[in-house]
There are 2 protein chains.
Amino acid sequence: MHKSQLAGFIIDCETDDLEAAALFWSSALGIKARGPDGPAYVALDTRPEDYHLEVQKVSHPSRVHLDIEADDIEAEAKRLEALGARRIGAVGSRVVMEAPTGQRFCVVRPQRANFENTANTRD
Amino acid sequence: MHKSQLAGFIIDCETDDLEAAALFWSSALGIKARGPDGPAYVALDTRPEDYHLEVQKVSHPSRVHLDIEADDIEAEAKRLEALGARRIGAVGSRVVMEAPTGQRFCVVRPQRANFENTANTRD
């Protein structure tokens with residue numbers, strides 16, 4: 001038995017200028033940007049229990065993707081495969097998957113502060 | 001002066017089977033699907049003050065896009081153009097725009113129950 005829930009949304013930007021991308025999205029959405037989180041990420045300043053929002057510098061075409069957080073990434077990936085998703089690969093601890101409808105998304109470690117209380121229990 | 005904020009996320013699915021797409025995303029994210037909202041939308045059952053999440057049947061390639069809600073759509077579109085976004089077109093009352101980083105998004109009428117209290121005031 002494990003737990004999972006929607007963790008948040010990542011705004012993937014094909015750009016060399018992460019700072020400018022983060023400035024646009026922060027201004028557009030009206031959510032303050034935090035400082036850079038490593039060379040590829042700027043987190044927007046949402047509350048710890050809310051969906052996290054991040055601007056990411058990527059080398060593939062720009063898009064928006066969502067993350068699902070789980071206390072057992074492998075069990076969650078298997079659950080999602082059983083629902084029809086396809087496993088694409090892994091980046092560090094995260095598993096990259098593709099929905100039957102074609103969108104890429106990631107399974108990641110728990111990130112929201114309310115994970116223990118609000119995540120869904122999965123068999 | 002007008003107000004705007006991030007309204008939510010739309011999971012655009014290039015499919016003929018909206019029901020199957022909504023079932024996948026509802027199961028994957030652990031959020032109940034509401035009944036169909038017209039022929040092209042199924043809303044997921046988030047709280048009225050939270051970001052809305054919807055599964056949409058589309059004819060373009062699948063993606064995830066975000067909506068910005070505003071009490072003056074034209075003023076908000078102009079604000080976003082000044083930040084570097086490009087206006088693509090209109091679908092009913094909504095304006096479709098493209099970020100400088102390439103993602104499409106929409107400016108829509110207020111949808112979240114907390115709009116009056118939490119939206120950002122724009123000059």
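First the proteins, then the strands, lettered A, B, ... as listed; each starts at 1.
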Review point. Using non-hydrogen atoms only, which part of B/D50 is less than 4.5 Å away from chain A: side chain, backbone, both, or neither?
Key: neither
Check your understanding: Between A/Q5 and A/E69, does any side-chain donor sit less than 3.5 Å from a side-chain acceptor?
Key -> yes
Practice item. Under 4.5 Å heavy-atom distance to chain B, tell me which part of A/A85 shows up: side chain, backbone, both or neither. Key: both
**Study point:** Residue selection (most heavy-atom pairs with chain A, distance under 4.5 Å) from B/A99, B/G84, B/G102
**Key:** B/A99
**Study point:** Best-contacting candidate, B/L6, B/L83, B/D17, B/L80, against chain A by heavy atom pairs under 4.5 angstrom
**Key:** B/L83
Exercise for review: Check each atom of B/I68 against the heavy atoms of chain A and say whether the ones under 4.5 Å are side chain, backbone, both or neither.
Suggested key: side chain
Exercise for review: Evaluate the side-chain proximity of B/H65 to B/F9: yes if any heavy-atom separation is below 4.5 Å, no if none is.
Suggested key: no
Exercise for review: Evaluate the criterion side-chain hydrogen bond (donor to acceptor under 3.5 Å, both in side chains) for residue pair A/E76 and A/S4; output intermediate values, then yes/no.
Suggested key: CA-CA 7 Å; A/E76 180 67 3; A/S4 67; 3.1 Å; yes
Practice item. Would you mind checking which part of A/R79 comes under 4.5 Å of any heavy atom in chain B, side chain (CB onward), backbone (N, CA, C, O), both or neither? Key: side chain
Exercise for review: Considering only heavy atoms and a distance below 4.5 Å, find which of A/A28, A/P61, A/A7 pairs most often with chain B.
Suggested key: A/A28
Point to revise | B/L66 side chain near A/I11 side chain, heavy-atom distance below 4.5 Å | key: yes
Review point. Nearest heavy-atom pair of B/D12 and B/Q56: which atoms, and what distance?
Key: OD1-OE1, 3.0 Å
**Study point:** Crowding at CZ, A/R109 (>12 non-hydrogen neighbours, <6.0 Å)
**Key:** no
